[in-house]
> 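Below are the structure tokens for one structure; questions will follow.
Residue numbering restarts at 1 for every chain, and letters A, B, ... go by the order of the sequence lines.
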Amino acid sequence: MSTTSTVSDLVSKPYQYGFVTDIETEKIDKGLSEDVVRLISAKKNEPAFLLAFRLKAFRQWLRMEEPQWAAVNHPEIDYQNIIYYAAPKQQEKKASLDEVDPKLLETFEKLGIPLSEQKRLSNVAVDAVFDSVSIATTYREKLAEHGVVFCSISEAVKDHPELIERYLGSVVPASDNYFTALNSAVFSDGSFVFIPKGVECPMELSTYFRINSGDTGQFERTLIIAEEGASVSYLEGCTAPMFDTNQLHAAVVELVALDDASIKYSTVQNWYAGDESGKGGIYNFVTKRGHCRGDRSKISWTQVETGSAITWKYPSCVLQGADSVGEFYSVALTNNRQQADTGTKMIHVGPRTRSTIVSKGISAGHSSNSYRGLVQIGPKAVGAKNYSQCDSMLIGDQAAANTYPYIRSQQPESTVEHEASTCRISADQLFYLQSRGIGFEEAVSMMVSGFCRDVFNQLPMEFAAEADKLLALKLEGSVG
Amino acid sequence: MIRPDADLLLDIVDLHATVADQPILKGVNLSIRAGEIHAVMGRNGSGKSTLSKVLAGHPAYSVTAGSVRYRGSDLLDLDPEQRARIGLFLGFQYPVEIPGVSNLEFLRVATNARRGELGKEELDTFAFEDVVRDRLKVVQMDAAFLERSVNEGFSGGEKKRNEILQMALLEPVVAILDETDSGLDIDALRIVAGGVNQLATPDNATLLITHYQRLLDVITPDFVHVMAAGRILRTGGKELALELEERGYDWVDQELAVLEVA
Ligand SMILES: Nc1ncnc2c1ncn2[C@@H]1O[C@H](COP(=O)(O)OP(=O)(O)OP(=O)(O)O)[C@@H](O)[C@H]1O
Ligand SMILES: [Mg+2]
């Protein structure tokens with residue numbers, strides 16, 4: 001019977017964002033040294049405190065070693081064989097989009113992210129990052145009317161240095177791990193969001209990351225601050241061209257929520273995953289952490305991970321404020337030779353803090369998909385509650401799924417609940433749908449999106465349909 | 001209703017099929033014309049469900065000999081979804097549960113697949129709700145079942161009603177109902193049978209697979225077939241079912257023994 005093999009054929013649709021934009025790029029030489037760190041900082045005319053931050057991180061990095069504990073395998077990364085800064089040759093960021101190189105606008109349009117005034121998404125402000133720099137941010141004036149700052153981190157360094165100095169590295173210290181140290185030393189750009197006290201951000205904010213150059217690493221840095229009573233919903237999207245060498249992406253995202261603030265951070269990740277044999281693709285080593293600093297604050301992570309050769313990513317929440325809430329909703333789809341080791345950490349510090357974890361892993365082909373989660377309840381977290389649910393779906397019989405839940409509680413008056421399940425798409429379920437006139441591909445995609453529904457429901461409305469389509473696309477192909 | 005000049009909808013000739021390399025169907029012959037109701041009976045394991053799944057195109061079963069023509073053209077060449085779209089319907093003996101897939105959305109996609117084939121326009125969510133509410137009456141089913149996942153946690157009888165609801169929506173030309181009566185309480189049996197009768201027209205046909213006379217009391221078959229060891233051993237009118245009810249299947253063994261010798 002051929003059902004399983006046909007399902008696996010199906011999940012290998014060619015990657016449609018694999019094109020390269022032919023644009024003149026300014027790159028520095030390959031390799032990493034203290035001079036390179038100084039050069040990046042100088043190119044960006046950074047204040048002294050930031051150069052000091054970078055240099056300290058770099059020195060820490062030199063003393064650290066790459067972590068080995070994740071359930072992923074890859075050939076050793078040669079950090080001297082990577083370019084740490086690449087930017088399209090268009091020096092200053094343009095005040096008006098009309099002045100942006102049309103090739104860049106065209107690239108983003110092709111990716112489904114129109115930036116031009118007439119075509120842009122209504123009610124979504126977009127920051128477009130191309131290789132190492134932000135090239136355009138839409139709706140800035142409208143946001144400014146509400147006191148909301150949404151710009152690239154380089155601009156924030158110039159315009160709001162006091163906020164950067166105060167918050168950068170305050171959630172994820174440079175020394176947190178090998179990749180955060182590396183990022184802190186060489187990060188080139190990323191997005192910055194500041195929502196002042198009492199303001200509900202009037203539109204969705206979104207950053208779109210595009211890696212274009214072949215031998216460049218991408219090290220972006222995102223910082224989102226919601227002051228007392230503020231709220232924001234932010235979405236990040238990513239794609240990259242197809243190269244047959246692996247590319248390194250090591251980002252850091254920091255979120256800060258003060259009293260009664262809420263931040264919703266969604267990711268739809270579709271980096272290039274490499275080919276069937278595992279050649280090429282992005283190594284995605286990302287550190288994302290939110291700090292519920294204030295009482296009753298809330299941070300919610302939603303992620304849909306479909307690309308990358310390797311995903312190593314654990315968006316986390318430090319629940320410090322009393323009654324603060326952390327959430328993690330994740331769909332990770334792996335196929336072919338992809339490896340994903342992803343999950344979350346919920347660190348309950350304050351009393352009555354609550355967290356919810358819903359993880360859905362889908363593995364097809366020869367891929368491996370691991371959930372790794374930590375729920376930690378500290379001694380002061382009286383009445384803390386966690387609920388975790390980890391479901392795995394296997395497609396075919398060559399794929400692997402693992403669940404590693406770690407629970408550490410130092411507070412007897414707390415509750416931690418964990419549920420896990422594994423299912424396989426059965427031939428009889430597919431046949432049932434087919435026998436009602438539903439095509440094989442659509443049947444698979446209905447079952448997969450049904451499996452993911454709890455997570456998709458968390459995405460901002462504009463993107464829930466996108467995510468559904470993305471998974472369907474990943475599942476589309478020839479029916480054998 | 002038997003009309004010898006009615007269109008031949010399904011024509012099964014000398015059908016042989018295997019599953020997991022085991023021969024199960026060993027020469028089935030059966031012709032079904034428009035307007036007819038057929039009943040297939042037979043012992044457990046005689047091959048009734050196998051026949052229905054082969055007709056619907058289940059990938060686990062391989063046809064090794066014989067032919068099936070549906071309204072004059074080859075049926076076995078088509079994918080299962082294509083068979084459904086042109087009007088073949090199988091009500092399953094054991095409908096599977098599909099967690100996470102909304103019953104309402106499933107019914108809508110299925111209905112639209114059939115409508116597309118008939119050249120009718122696609123129904124959007126709102127238009128479909130009206131249609132489905134109307135069809136729910138046929139099976140006297142509560143609209144709450146639409147909000148749940150396909151068959152998930154449905155009781156045995158609820159699953160069977162959901163099958164008839166699908167039949168009511170898809171308006172098939174040939175409906176094969178595999179033990180749709182099993183597991184139904186008396187009221188449910190009457191409702192399901194009423195639904196089947198309501199949906200029967202001079203242009204379509206029904207093949208009922210059943211073990212019980214009580215279903216045939218409420219849906220009167222034009223033909224009754226007895227299946228044994230992968231073939232149709234005997235065909236008669238509705239009185240054959242009554243005879244089986246009285247005599248059981250012991251006589252089948254003798255007839256089979258004769259066949260083996262021949
Ligand atoms: N997938 C399978 N693998 C192995 N044997 C099978 C498979 N499917 C059916 N069979 C065998 O084929 C024979 C016929 O089964 P089938 O389900 O068609 O019987 P049935 O007449 O519908 O019986 P019942 O009245 O119990 O529903 C049985 O012996 C059964 O065990
Ligand atoms: Mg059966």
> Do B:L76 and B:R83 have side-chain heavy atoms sitting under 4.5 Å apart?
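Yes. Closest side-chain heavy atoms under 4.5 Å.
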> Any luck finding a side-chain donor-acceptor pair between B:D178 and B:Y94 under 3.5 Å?
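There is no such pair between these side chains.
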> Set out, in order, the CA-CA distance, both residues' side-chain angles and the distance that settles salt bridge (Lys or Arg N to Asp or Glu O under 4.0 Å) for B:E81 and B:R85, then state yes or no.
CA-CA 6 Å; B:E81 57 267 34; B:R85 289 175 195 158; 5.2 Å; no
> Please state whether the side chain, the backbone, both or neither of B:P95 comes within less than 4.5 Å of a heavy atom of chain A.
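For B:P95, backbone and side chain are both near chain A.
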> Do A:Q303 and A:S330 have side-chain atoms, one donor and one acceptor, less than 3.5 Å apart?
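Result is yes, a qualifying pair exists.
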> B:R69 side chain to B:D11 main-chain N or O, any donor-acceptor pair under 3.5 Å?
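No.
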> Let's test your reading of the structure: which of A:D428, A:D454, A:L433, A:I438 forms the most heavy-atom pairs below 4.5 Å with chain B?
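Of A:D428, A:D454, A:L433, A:I438, A:I438 has the most heavy-atom pairs under 4.5 Å with chain B.
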> With a 4.5 angstrom heavy-atom cut-off, is it the side chain or the backbone of B:N151 that approaches chain A, or both, or neither?
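Interface part for B:N151: side chain.
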> Pick one of side chain, backbone, both or neither for B:F106, based on which atoms fall under 4.5 Å of a heavy atom in chain A.
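Contact with chain A involves both backbone and side-chain atoms of B:F106.
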> Who wins among B:L88, B:L90, B:D79 for the most heavy-atom pairs under 4.5 Å with chain A?
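Top count of heavy-atom pairs under 4.5 Å with chain A: B:L90.
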> Just give me the residue among B:R114, B:Q82, B:Q166 that pairs up with chain A most often, heavy atom to heavy atom, under 4.5 Å.
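Result: the option with the highest number of such pairs is B:Q166.
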> Do any of residues 96-105 of chain B have a heavy atom less than 4.5 Å from a heavy atom of chain A, and if so, which, in residue order?
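Against chain A, the residues of residues 96-105 of chain B that fall inside the cut-off (heavy atoms, under 4.5 Å) are B:V96, B:E97, B:I98, B:P99, B:G100, B:V101, B:S102, B:E105.
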> Atom NZ of B:K120 and atom CD of B:E171: how far apart are they, to the nearest 0.5 Å?
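Atom-to-atom, B:K120:NZ and B:E171:CD are 5.0 Å apart.
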> Output yes when A:E327 and A:K298 qualify as a salt bridge under the 4.0 Å nitrogen-oxygen rule, no when they do not.
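The answer is yes: the pair qualifies as a salt bridge.
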> Got a sec: does the CZ of B:R148 have more than 12 other heavy atoms crowding it under 6.0 Å?
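Yes.
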> With distance as the sole criterion, is a donor-acceptor pair present between the side chains of A:H418 and A:N386 under 3.5 Å?
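No, because no side-chain N or O of A:H418 sits under 3.5 Å from a partner of the opposite role on A:N386.
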